[in-house]
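Keep in mind the model is a prediction, meaning the values are calculated, not measured. Only heavy atoms go into these numbers, but all of them, side chains included; no hydrogens, no water, no symmetry mates. Throughout, numbering of the chain's residues begins at 1 and tracks the sequence.
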Amino acid sequence: FQGTRVRTRLAASAVRQSMTRGGAPGENAHIESFFHSLKAELIHGRQFETEVTLRRALRRYISYYNRQRRHSALGYRSPVDYEARAA
């Protein structure tokens with residue numbers, strides 16, 4: 001039931017859902033890496049007073065992750081810098 005609602009919302013928003021066959025974990029590797037970093041660098045051992053505080057911290061972290069944080073897989077460049085140089 002929950003999956004049907006999610007698929008309906010995605011379709012209504014013109015978002016194409018990405019799916020792989022079982023046993024093909026490679027497609028999720030990047031997002032799994034991001035969530036690992038998010039938990040280790042922002043969430044672990046921390047409590048947020050309110051949802052607003054959590055959302056603000058998440059926005060700041062995502063901006064940091066994309067604009068400043070160096071990624072070894074990108075030659076120790078930020079994703080924004082890597083994309084700018086690749087364009």
Side-chain angles (χ1 to χ4, degrees):
F1 176 69
Q2 181 69 19
T4 302
R5 289 193 321 194
V6 169
R7 284 190 297 275
T8 301
R9 285 191 71 181
L10 290 173
S13 301
V15 173
R16 193 173 114 216
Q17 186 175 5
S18 176
M19 301 284 288
T20 61
R21 296 186 324 268
E27 188 169 307
N28 283 335
H30 291 79
I31 197 66
E32 292 292 337
S33 177
F34 168 77
F35 278 120
H36 171 79
S37 298
L38 172 73
K39 289 181 211 178
E41 296 174 7
L42 179 69
I43 305 296
H44 184 71
R46 190 168 169 194
Q47 290 184 337
F48 296 90
E49 297 293 323
T50 65
E51 182 180 341
V52 170
T53 305
L54 172 60
R55 287 178 181 271
R56 190 175 301 130
L58 288 170
R59 278 193 300 274
R60 281 195 309 264
Y61 182 79
I62 291 169
S63 178
Y64 158 76
Y65 187 88
N66 286 321
R67 298 178 191 289
Q68 297 174 340
R69 188 178 186 277
R70 304 298 178 224
H71 298 257
S72 60
L74 303 178
Y76 294 96
R77 289 178 280 173
S78 72
V80 168
D81 183 44
Y82 180 84
E83 290 290 328
R85 291 181 189 206

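Between atom OG1 of residue Thr50 and atom CZ of residue Arg56 there is a gap of 7.0 Å, rounded to the nearest 0.5 Å. Between atom CZ of residue Arg77 and atom NE2 of residue His71 there is a gap of 11.5 Å, rounded to the nearest 0.5 Å. Note that CG of Leu54 is 7.5 Å distant from CG of Leu42, once rounded to the nearest 0.5 Å. Distance CZ/Arg69 to OH/Tyr61: 5.0 Å, rounded to 0.5 Å. Asp81 contributes atom CG, which lies 12.5 Å from atom CG of Asn66 (distance to the nearest 0.5 angstrom). Taken to the nearest 0.5 Å, the CZ atom of Arg59 stands 8.0 Å off from the CZ atom of Arg55.
When the side chains of ILVMFWY residues are joined at heavy-atom separations under 4.5 Å, either directly or via intervening members, Val15 and Val6 end up in a single hydrophobic cluster. Linking ILVMFWY side-chain heavy atoms closer than 4.5 Å, directly or via other members, places Val80 and Tyr65 in two distinct hydrophobic clusters.
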Could you go through the side chain to side chain contact (heavy atoms under 4.5 Å, CB included) check for Tyr64 and Glu41 one step at a time? CA-CA 11 Å; Tyr64 158 76; Glu41 296 174 7; 4.0 Å; yes
Going through the checks in order, is the side chain to side chain contact (heavy atoms under 4.5 Å, CB included) test met by Leu38 and Ile62? CA-CA 9 Å; Leu38 172 73; Ile62 291 169; 5.8 Å; no
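Residue-environment remark: CZ (Arg67) stays at or below the threshold of 12 foreign heavy atoms within 6.0 Å. With a 6.0 Å radius and a threshold of 12 heavy atoms from other residues, nucleotides or ligands, Phe48 has its CZ atom above the threshold.
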